[in-house]
There are 4 protein chains.
Amino acid sequence: MEPVTDRGWATRQRLLTAAERVFGEQDYFRASIGDIVREAGVGQGTFYLYFKSKLDCFRELVRWLGHELRAEVKQAGARAPSRIEVELAGFRAFFAFIERHRQAYRIVKQAETVDPAVYREYYERFAEGYRDAIAAAVDRREYAPYRHPEAVAYMLMGLGDFLGMRYLLWQEGPVPDAVFADLALFLRRALLAEPLDGAAARADGHSTPAVAASAVPATAGGDTE
Amino acid sequence: MEPVTDRGWATRQRLLTAAERVFGEQDYFRASIGDIVREAGVGQGTFYLYFKSKLDCFRELVRWLGHELRAEVKQAGARAPSRIEVELAGFRAFFAFIERHRQAYRIVKQAETVDPAVYREYYERFAEGYRDAIAAAVDRREYAPYRHPEAVAYMLMGLGDFLGMRYLLWQEGPVPDAVFADLALFLRRALLAEPLDGAAARADGHSTPAVAASAVPATAGGDTE
Amino acid sequence: MEPVTDRGWATRQRLLTAAERVFGEQDYFRASIGDIVREAGVGQGTFYLYFKSKLDCFRELVRWLGHELRAEVKQAGARAPSRIEVELAGFRAFFAFIERHRQAYRIVKQAETVDPAVYREYYERFAEGYRDAIAAAVDRREYAPYRHPEAVAYMLMGLGDFLGMRYLLWQEGPVPDAVFADLALFLRRALLAEPLDGAAARADGHSTPAVAASAVPATAGGDTE
Amino acid sequence: MEPVTDRGWATRQRLLTAAERVFGEQDYFRASIGDIVREAGVGQGTFYLYFKSKLDCFRELVRWLGHELRAEVKQAGARAPSRIEVELAGFRAFFAFIERHRQAYRIVKQAETVDPAVYREYYERFAEGYRDAIAAAVDRREYAPYRHPEAVAYMLMGLGDFLGMRYLLWQEGPVPDAVFADLALFLRRALLAEPLDGAAARADGHSTPAVAASAVPATAGGDTE
DNA sequence: AATGAATGAGAGTTCATTCAT
DNA sequence: GATGAATGAACTCTCATTCAT
């Protein structure tokens, strides 16, 4: 399964990339391995040199995508001055990621049908770091006193997921400003312990200035992997 | 496709019910029409008397489930004293619905892969009413000044969806109280124009009491069924 | 099978007419009984009140068409002054028949695949009368001394058949004049005992005048049924 | 669809040959692909490695048969001293071909029902060469002054077709001599510009000798194979 | 490492026919 | 006489996977 030569690794990667395109455009069940090898430009038998089965290949793909996305989200929040800013930067990174390859979203969603276990793994992976970071923000009084930070984590993921679906998948182009503004307002209100000051409350700005006020720097990290 | 006799209608219904069970337990692609007709106790050909294809049957099923769920949610919020209470009652009804037939959730989720069009239709249907109600609440100053009520609607749906997935699908039993409490707190804070009265609004209510206040049970009955 | 009431006969006829349309447009195998009953506007079960099977219905149809065509051809040649004129009139009638319902041609041709027996019956029926009439014309010295009139009959049928196919089926509109002229010239030369006089030999006229010269009146009749 | 190895080509040929046998014995619609692969001794799926569909296979077969027949007919007429002799040699070759594999005739005829387009293509292919050769013979005054050589081509094809059907398909053994003699007489009279020499041209040669004269055997060999 | 050939189980779908009403 | 429901056998076609080269 694991290639031993460089050539082998290259072929494997060609197959994964092809699979991303194929599973993104059609779907897991309608796409055939024939489609993948054709797209990758390799022979039919070659596929089984690198993947045990169609399902195995799909799983690898989902894991790889999850890995990439988590890395980008993490890196996006790295220099944010507060937890809420980490949150918002994360959403921005998430939206950007989807916009760059909308197929990724589709593929992950298919996992829910194709193999619930990887799907669950995917979100649990996200949720863990999320949950801890939120708990920390609550303890630190940056966030309101939520008792079940995991639930909050899932709420945040769900909310981002649906916005992505609605404004990136069902519609071309980036998330509209007004939408992002409402998202920011929504999150600040819901999460921050302190009531917002006037400007932010009127939802007329983007995200950055108003919140710099919330003194405590985010503990950062811990939100992914 | 449409039956003309009573006997025909009965058979059709038998098939739909069987399809719900079958598509819920296995999934669309792994389930065969043979499974459905066996479950329904009719002949193989009979299926095609009432559905143009496997996909057609699936679509009908999703529409039917959407219809039922919307009806229950609507009815749950019917006698709530304020919009925020309608919201919460709706979530309760949604959770109750899923708990009663978790298959429904699975089926709808499959639609995202099986037939994106019905899936979208399903949520757009929900979103419409939602969006208008939110816009009205904003106008009436019950809700904070969101400029893009549709975005808020999708956020709410997403957040409910993920909670359902996490606490009803991945786990037996009803949504834990603490989770619902956090949901309620989250929504009140995010949506209501006025800061919450009582401890919840203050950063010092961090230990427990604040939540007890927010977990106000939805006023009238009808929200669980 | 045979209806007993008038209403029954009407329904049967509706079915036959529908079958002609359906088998003409699609073909025997691709057309379903469902198509026929739908076209006829009767119930599915009704079909079997009048026909033992799909094949039975098809056979009836072919026989009926053969009957109609033979009648028209016979009648067309009734008043011709000589055998060769009967021949030409017959071809004209044949072409006219096909032009009026080109489906008939298609249906008969299908019989060759669907049920070789009816197909053969159809042509043998035609050939019998033909053969005898040709033999008589040979005896009477109107025609050249062919020793195997049946072979001549099949040659004539084949030649007409292919002209019909080429100029009526593959092309809209009636048989072009030049084609018919060549057909006439061809037949006169091939069949008539006497060499043609100048005019006809230059193939510049239609059919009538030149041949009136061949004195002996056709015995007529005997060419069909 | 196109094989790439030798083994592949061999398998494909096995399938085509099997298809000829199967479609010849049963017919296109009644024969199943199962019959073909069984006859060819390969797996069910193998069929689709070389043919897009049942219809595709049938089409290939018809084209192949047309190709073979045209080659034989052409070669048969290659050394004939005059156009009329080419004609007769062609008919002989045609009859010989059918006698050797009567299935071929049946298969082509089915095409009229199965796929009118290939059927038409089949005859148009034949007709083209035919038409030009006839036009040339007319120009050179070997043939009578037909103005529409294509029509003549179709008449010749039709006439041969029906003789083949009557005397080779409906009856065992080769075309009877008397039939071929009449065909030869018929064609010479119809086509040649000059009246036949000898008794045939005169109305009094009615008994037998005339035909002996017309049934001149086609000069060189190669006309039977 | 790479490949194209081969496979057979199984899928969805159609349809002539029967039957109870 | 007429009908719509019901049926199950049969069909074409797909595809993940194996294997010899």
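The sequence lines fix the lettering, A, B, ..., with proteins before strands; numbering per chain opens at 1. The basis for the numbers below is simple: all heavy atoms, side chains too, and nothing from hydrogens, waters or symmetry mates.
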Worksheet entry | 5′-ward residue of the pair G43(C)/D35(D) relative to DNA chain F |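 Whichever sits nearer the 5' end wins; that is G43(C).
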Worksheet item: Toward the 5' end of DNA chain F, which comes first, V4(C) or V42(B), by nearest nucleotide?
Response: V4(C)
Worksheet entry | L55(D)/D115(D) under side chain to side chain contact (heavy atoms under 4.5 Å, CB included): CA gap, chis, key distance, verdict | CA-CA 8 Å; L55(D) 185 56; D115(D) 183 356; 4.1 Å; yes
Worksheet item: Please walk me through it: do Q103(A) and F23(A) pass side chain to side chain contact (heavy atoms under 4.5 Å, CB included)?
Response: CA-CA 8 Å; Q103(A) 295 165 338; F23(A) 287 143; over 6 Å; no
What is the separation between atom [atom1] on [X] and atom [atom2] on [N], rounded to the nearest whole Å?
X	N	atom1	atom2	answer
R38(A)	dA2(E)	CZ	P	19 Å
Q26(B)	dG10(E)	CD	P	14 Å
R14(A)	dA1(E)	CZ	C1'	13 Å
F58(C)	dA16(E)	CZ	P	14 Å
R12(A)	dA2(E)	CZ	P	13 Å
M1(D)	dA6(E)	CE	P	13 Å
W9(D)	dA6(E)	CH2	P	13 Å
F51(C)	dT18(E)	CZ	C1'	18 Å

Worksheet item: Partner of dA20(F) by Watson-Crick or G-U wobble geometry, both contacts under 3.5 Å, or none?
Response: dT3(E)
Fill in: Pairing partner (Watson-Crick or G-U wobble, both distances under 3.5 angstrom) of dG8(E)
dC15(F)
Item to complete: Determine, stepwise, if the pair Y119(A) / K109(B) fulfils side chain to side chain contact (heavy atoms under 4.5 Å, CB included).
Response: CA-CA 12 Å; Y119(A) 184 74; K109(B) 283 305 166 185; 6.0 Å; no
Restricting both atoms to N or O, compile the protein contacts to nucleotides 15-17 of chain F shorter than 3.5 Å, with distance only.
| from | atom 1 | to | atom 2 | distance (Å) |
| --- | --- | --- | --- | --- |
| dA16(F) | OP1 | K54(A) | NZ | 2.8 |
| dA16(F) | OP2 | I33(A) | N | 2.8 |
| dT17(F) | OP2 | Y48(A) | OH | 2.9 |
| dT17(F) | OP2 | K54(A) | N | 3.1 |
| dT17(F) | O5' | Y48(A) | OH | 3.4 |
| dT17(F) | O4 | Q44(A) | NE2 | 3.1 |

May I ask you to verify if any side-chain N or O of [X] is less than 4.0 angstrom from the OP1 or OP2 atom of [N]?
X	N	answer
T11(B)	dA6(F)	yes
T5(B)	dA5(F)	yes
R7(C)	dA2(F)	yes

Fill in: Listed nucleotide nearest any side-chain atom of P3(B), set dA5(F), dG1(F), dA1(E)
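Of the candidates, dA5(F) comes closest.
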Item to complete: Please examine the side chains of L65(B) and E20(B), heavy atoms only from C-beta on, and report whether any two atoms are closer than 4.5 Å.
Response: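 When only atoms from C-beta onward are counted, L65(B) and E20(B) do touch, with a gap below 4.5 Å.
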Worksheet item: Any donor and acceptor pair, going by atom type alone, linking the side chain of Y50(D) with main-chain N or O of L16(D) inside 3.5 Å?
Response: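 It does not hold such a pair.
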Worksheet item: Distance-only, no hydrogens or angles: does the K52(B) side chain make a donor-acceptor pair with backbone N or O of C57(B) under 3.5 Å?
Response: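 Judged by distance alone, no pair lies under 3.5 Å.
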Discussion item. Just verifying a value: how many Å separate E25(A) CD and R30(A) CZ, rounded to the nearest 0.5 Å?
Written reply: 14.0 Å
